[in-house]
There are 2 protein chains.
Amino acid sequence: MKASIPTATVARLPVYLRCLLSLPQDRSTCSSEELAQIAGVQSAQVRKDLSLVGLRGIRGVGYDIDALRRQITSLLGLDHEYRVVIIGAGNLGRALAAFEGFREWGFTVVALIDTDPSKVGTTVARLPIAALGDLEAIVQEHDASIGIIATPPGAAQDVADRLSAAGVRSILNFAPTVLKVSGVEVRRVDLSSELQILAHHLQG
Amino acid sequence: MKASIPTATVARLPVYLRCLLSLPQDRSTCSSEELAQIAGVQSAQVRKDLSLVGLRGIRGVGYDIDALRRQITSLLGLDHEYRVVIIGAGNLGRALAAFEGFREWGFTVVALIDTDPSKVGTTVARLPIAALGDLEAIVQEHDASIGIIATPPGAAQDVADRLSAAGVRSILNFAPTVLKVSGVEVRRVDLSSELQILAHHLQG
DNA sequence: TAGATTGTTAATCGATTAACAATC
DNA sequence: TAGATTGTTAATCGATTAACAATC
């Protein structure tokens, strides 16, 4: 029984990975101090995180960059391909469908879904927009494991329920809605809230 | 000297506010238990948060919904208007420029800025795209206090430096770049990282 | 060896939750 | 009054940081 990795640590792994990939090809090792510097955290944090996920360095030398890259990739499951469906073909949904940053890490957007009949059948980034009624069929056909909700707030819970029932196991929710689901991991990105938090500091 | 509000509490205020606004008009009070339920947190959390920001309820009754709405709005500074500049007119930058969710809370996008000469002068959501060279002039002209970075990663630090020097005090960063700035509050939204974190759970 | 750097422990800090007296 | 619900304290939990012996 392996102890699970703290969520704060998991959330930093993508940052470390990107930093490691940005290091010059000819470098072979990297100290926790240097990685911390470019990742914007403390070196003790880096050592603790890497230690928690079972990654070891060499005392007096540092960490093997290539081993770190490969092992973090594997820990995050980025050596698999994941199929993603996006629900909501508004400005945000379309931008996400065309976003290159997903493909780069092995996430393939297999469908963009919307209720608007005038949108269905048109294409965004070479992807045809499908009807909401086909959600379940599409998830099953492509064996999609991730759903991205970019609908208006009122539609989000229903879409989440349907994604969950169809077998999607992770949801990235851009709707400003608190989703009630079970057995599905949800991450929330609330763009308006982010600005509101910044606003608090501007005046406080 | 007022003690400052814990960051975790500040981050929940926008959620509470949205929940309160979704309550029927004819309701006048709301218990911490009910608010917790719709916000997806524990009732003790709600009471603690509200207490930390100085909001009181009535024992045996609950909290006054209208007072809560007004006071949270004020705490977050949402009774002001904020001018926002967006840098990067790619898919994401354009989607953000057209995003209605910002306007709704008093955030006005005053400029969309890009380096690409073929984009400059065209319009997105009735907003003309400006040249990067004009960033400082635009920030000053509109007295913008928030910058949204939606550039490729390599450009983000330079843009952040220029925003900061031009007087912007808060940055929302969508580039997968760790920004080094001082005296500016930065919030990071890393879309690829979100999927990577979800991927970790899919396989773990 | 001397210098560098890890890996881990313990201390600290901050956030969440449970519990319940206070009181409407 | 009796029932409901707050406001706060204390307990718990999780995350960060400091410090340093181990060791390359």
Side-chain angles (χ1 to χ4, degrees), chain A residues 2-16 19-20 23 27-68 71-72 75 178 188 193 197 200-201 204, chain B residues 2-16 19-20 23 27-68 71-72 75 178 188 193 197 200-201 204:
Chain A
K2 189 160 74 68
S4 84
I5 306 172
T7 60
T9 295
V10 172
R12 278 187 295 268
L13 292 178
V15 178
Y16 295 153
C19 291
L20 289 163
L23 257 20
R27 295 279 310 278
S28 73
T29 63
C30 176
S31 69
S32 60
E33 184 57 47
E34 182 179 8
L35 184 50
Q37 164 62 28
I38 55 185
V41 300
Q42 299 289 322
S43 63
Q45 182 83 268
V46 169
R47 292 196 297 278
K48 176 121 261 225
D49 283 337
L50 296 179
S51 167
L52 281 167
V53 301
L55 303 179
R56 275 55 268 277
I58 302 168
R59 287 176 215 246
V61 178
Y63 296 86
D64 183 287
I65 294 172
D66 208 58
L68 238 47
Q71 291 169 314
I72 296 178
L75 273 163
V178 177
R188 194 164 186 275
S193 287
I197 296 165
H200 167 75
H201 285 262
Chain B
K2 189 159 74 71
S4 84
I5 306 172
T7 60
T9 295
V10 172
R12 277 186 296 268
L13 292 179
V15 178
Y16 295 152
C19 292
L20 290 163
L23 257 21
R27 296 278 310 279
S28 72
T29 64
C30 176
S31 69
S32 60
E33 185 56 46
E34 183 180 6
L35 185 49
Q37 164 62 29
I38 55 185
V41 301
Q42 300 291 320
S43 64
Q45 182 83 268
V46 169
R47 291 195 298 279
K48 175 120 263 218
D49 282 337
L50 295 180
S51 166
L52 281 166
V53 301
L55 303 179
R56 304 326 30 214
I58 302 168
R59 288 175 214 246
V61 178
Y63 296 86
D64 183 288
I65 294 172
D66 208 59
L68 238 45
Q71 290 169 316
I72 296 177
L75 272 162
V178 177
R188 194 163 185 274
S193 287
I197 296 165
H200 166 76
H201 286 261

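Chain A is the first sequence line, chain B the second, and so forth, proteins listed ahead of strands; every chain is numbered from 1.
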Whole-Å distance, A/R12 CZ to D/dG14 P, equals 15 Å
**Message:** Applying a 4.0 Å non-hydrogen cut-off, can you work out what B/T7 is touching in the nucleic acid: base, sugar-phosphate, or nothing?
**Reply:** sugar-phosphate
Counting just side-chain N and O atoms, does B/S51 come under 4.0 Å of either OP1 or OP2 of D/dT8?
yes
Given protein heavy atoms under 4.0 Å, the one-letter contact record of nucleotides 19-24 of chain D, with B base, S sugar-phosphate only and - none, is simply B-BBBB
note: B/L52, atom CG; C/dT16, atom P; distance rounded to Å ~ 10 Å
Atom CD1 of A/I5 and atom C1' of D/dG14 are separated, to the nearest Å, by 16 Å
message: Counting only side-chain nitrogens and oxygens, does A/Y63 get under 4.0 Å of the OP1 or OP2 atom of C/dG7?
response: yes
CD1 of B/I197 to CG of A/L13, rounded to nearest 0.5 Å, is 8.5 Å
Under 3.5 Å, which donor-acceptor pairs do the side chains of residues 60-67 of chain B form with other protein atoms, sequence neighbours left out?
unit_1: B/D64; atom_1: OD1; unit_2: B/D66; atom_2: N; d: 3.1
unit_1: B/D64; atom_1: OD1; unit_2: B/A67; atom_2: N; d: 2.7
unit_1: B/D66; atom_1: OD2; unit_2: B/R70; atom_2: NE; d: 3.4

Rounded to the nearest 0.5 Å, the CG atom of A/D49 sits from the OH atom of A/Y16 at a distance of 3.5 Å
Applying the Watson-Crick and G-U criteria (both distances under 3.5 angstrom) with [ ] for crossing and | for other-strand pairs, one obtains for DNA chain C ..||||||||||||||||||||||
- CA sep, side-chain torsions, deciding dist, call: A/L68, A/L50, side chain to side chain contact (heavy atoms under 4.5 Å, CB included): CA-CA 9 Å; A/L68 238 47; A/L50 296 179; 4.2 Å; yes
Rounded to whole Å, CG of A/D49 lies from P of C/dT8 at a distance of 14 Å
With a cut-off of 3.5 Å and sequence neighbours excluded, list every side-chain donor-acceptor pair involving residues 40-48 of chain B.
unit_1: B/S43; atom_1: OG; unit_2: B/E33; atom_2: OE1; d: 3.3
unit_1: B/S43; atom_1: OG; unit_2: B/R47; atom_2: NH1; d: 3.4
unit_1: B/Q45; atom_1: OE1; unit_2: B/R12; atom_2: NH2; d: 3.0
unit_1: B/R47; atom_1: NH1; unit_2: B/S32; atom_2: OG; d: 3.0

Note: for A/K48 and B/L55 on DNA chain D, the residue whose nearest nucleotide lies more 5' is B/L55
Does the side chain of A/Q45 get closer than 4.0 angstrom to OP1 or OP2 of D/dA15 through an N or O atom?
no
side-chain contact (heavy atoms from CB on, under 4.5 Å) filter on B/V15, not counting sequence neighbours, yields A/V178, A/R188, B/C19, B/A39
Rounded to whole Å, CG of B/D64 lies from C1' of D/dT6 at a distance of 14 Å
message: If the cut-off is 4.0 Å, is B/S32 near the phosphate of D/dT5, judged by side-chain N/O to OP1 or OP2?
response: no
**Message:** If the cut-off is 4.0 Å, is B/Q42 near the phosphate of C/dT16, judged by side-chain N/O to OP1 or OP2?
**Reply:** no
Nearest heavy-atom contact between A/H200 and B/I5 is CE1-CD1, 3.9 Å
note: A/L68, atom CG; C/dT5, atom C1'; distance rounded to Å ~ 15 Å
Contacts of B/R27 meeting salt bridge (Lys or Arg N to Asp or Glu O under 4.0 Å) (sequence neighbours excluded), chain-then-number -> B/E34
Is any side-chain heavy atom of A/I72 closer than 4.5 Å to a side-chain heavy atom of A/L55? yes
Is the shortest side-chain N/O distance from B/R56 to OP1 or OP2 of D/dT8 below 4.0 Å? yes
Whole-Å distance, B/E33 CD to D/dT6 C1', equals 12 Å
